[in-house]
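The structure appears right after this line, and notes come after that.
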Amino acid sequence: MMKRMLSIGECMVELRQAEEGLLRKGYAGDTFNTAYYARLAAPKDWAVSYLSAVGIDKVSEEMLGFMESTGVETGFVRRVEGRTPGLYMIHLDKGERSFSYWRSASAAKTLADDPVHLRAAIEQSDVVFFSGITLAILSADAVEALLSELRRARTAGKTVVFDPNIRPHLWQDRTVMLDTINAGAAVANLVMPSFDDEATHFGDADPAATIARYKALGAENVVVKDGANGITLSFAGKPAEFITATRVDKVVDTTSAGDSFNGTFLARYVQDGDARAAATAAARAAAAVIGHHGALVPREALPAAA
Ligand code: ADP
């Protein structure tokens, strides 16, 4: 029987500086990047699907075509008339990157607006991944609709995975941001935060504090990523474990380090539930990704499957 991993969120059109005066077009977004890396590492009997919403315009069609070309299924991406995908531009100034966004009316904001569609997609999946960015782009009602479906999925025995991915610029209100992140974590049985973000916004002193906080919210399992400092895992019924990061000689571009870690971890973890082996494979993949430019590095640049 085919199994399915479903990633829920927003993929955007990316424009980056190419030659003088020219822009190169790509497609990226945390939850899509995670699906991309999951597809590269997942067993053949697993489908990896994306759930989002796009328009009926040309660029939406191109985005779907791109996703399919990577092996990520798009059957659960809604088509919404009158909307278009969000867009962002990467500016490079002496090696420093900054971003401009046009996403406030993006189609993806409506990803949870059709309850029948949302339920059907989740019911046909075994592992469901979403992030704090997914929640940040939704209205309060849509957040509630999505979280209640995910709660239902968890009760039905599915694996619900949440990366808080805290991005203050996406939220209008800090209290709403922290409350919504907590609500997201509370429906998940696996939370995969980055320690930097958690320390900044929740004041955690160390990864153990992050783990304790998410366990108190009801997550059985927590994987704390902490850049070059390594990974701390806490899985139900087992003592916490530490895994060193893979050494990177030259950091080229850290975009998507966390996303490639998440995708590779999940693809490996679903095979046999060995979280330690999954984190080791994920750390190796993330190290390769930060040694290359761009969010989506080609399969050839990644280590062979562990
Ligand atoms: P995010 O990109 O979400 O902020 P992190 O910075 O914690 O997440 O990175 C995610 C993973 O990428 C880490 O758990 C680690 O395995 C790897 N990683 C990130 N930065 C480095 C680095 N400088 N050296 C080695 N591995 C790294």
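Sequential numbering from 1 along the given sequence is applied to the chain's residues. Remember, predicted model here, so these are calculated numbers, not experimental data. These values consider heavy atoms only, across backbone and side chains, with no hydrogens, waters or symmetry-generated copies. Whatever order the structure lists them in is the order used to number ligands and atoms, beginning at 1.
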Q) How does Ala228 reach ligand 1, if at all, at less than 4.0 Å between non-hydrogen atoms: by side chain, backbone, both, or neither? A) both
Q. Which bit of Asp163 gets closer than 4.0 Å to ligand 1, counting heavy atoms only: side chain, backbone, both or neither?
A.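 No part of Asp163 is near ligand 1 at this cut-off.
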Q.
Are the side chains of Ile231 and Phe261 in contact, using a 4.5 Å heavy-atom criterion?
A.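 Counting from C-beta outward, Phe261 and Ile231 do come under 4.5 Å.
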Q.
Any non-hydrogen side-chain atom of Leu135 less than 4.5 Å from a side-chain atom of Leu147?
A. yes
Q: Could you tell me how the ring of His117 sits relative to the ring of Phe76: parallel (under 30°), tilted (30 to 60°) or perpendicular (over 60°)?
A: perpendicular
Q. Does the pair Lys158 and Glu123 meet the rule for a salt bridge (charged side-chain N to carboxylate O under 4.0 Å, His left out), with working shown?
A. CA-CA 9 Å; Lys158 298 176 191 295; Glu123 276 182 344; over 6 Å; no
Heavy atom of the protein closest to [atom] (residue, atom name, distance):
| atom | result |
| --- | --- |
| atom 8 (O) of ligand 1 | Ser194 OG, 3.0 Å |
| atom 15 (C) of ligand 1 | Gly227 O, 3.4 Å |
| atom 25 (C) of ligand 1 | Thr246 O, 3.0 Å |
| atom 21 (C) of ligand 1 | Ile290 CD1, 3.3 Å |
| atom 9 (O) of ligand 1 | Ala257 CB, 3.9 Å |

Q: Taking only Lys NZ, Arg NE, NH1 and NH2, and the carboxylate oxygens of Asp or Glu, determine whether Asp197 and Arg167 approach each other closer than 4.0 Å.
A: yes
Q | Ion pair check, Arg39 and Glu73, cut-off under 4.0 Å | A |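 The answer is no: the pair does not qualify as a salt bridge.
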Considering only heavy atoms of [X], which atoms of ligand 1 have at least one such atom less than 4.0 Å away?
| X | answer |
| --- | --- |
| Lys225 | 7 (O), 14 (O) |
| Ala245 | 25 (C), 26 (N) |
| Gly258 | 1 (P), 2 (O), 3 (O), 8 (O), 10 (C) |

Q. side-chain hydrogen bond (donor to acceptor under 3.5 Å, both in side chains) between Asp253 and Thr255: does it pass, once the steps are laid out?
A. CA-CA 6 Å; Asp253 177 359; Thr255 307; 2.5 Å; yes
Q: Assess whether atom CZ of Arg24 is packed by more than 12 heavy atoms of other residues, nucleotides or ligands within 6.0 Å.
A: no
**Q.** From the candidates Ala288, Ala287, Ala286, Ala283, the one that places a heavy atom nearest atom 12 (O) of ligand 1
**A.**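 Of the listed residues, Ala286 has the closest heavy atom.
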Q) Judged by non-hydrogen atoms, does Asp196 sit under 4.0 Å from ligand 1? A)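 Heavy atoms of Asp196 never come under 4.0 Å of ligand 1.
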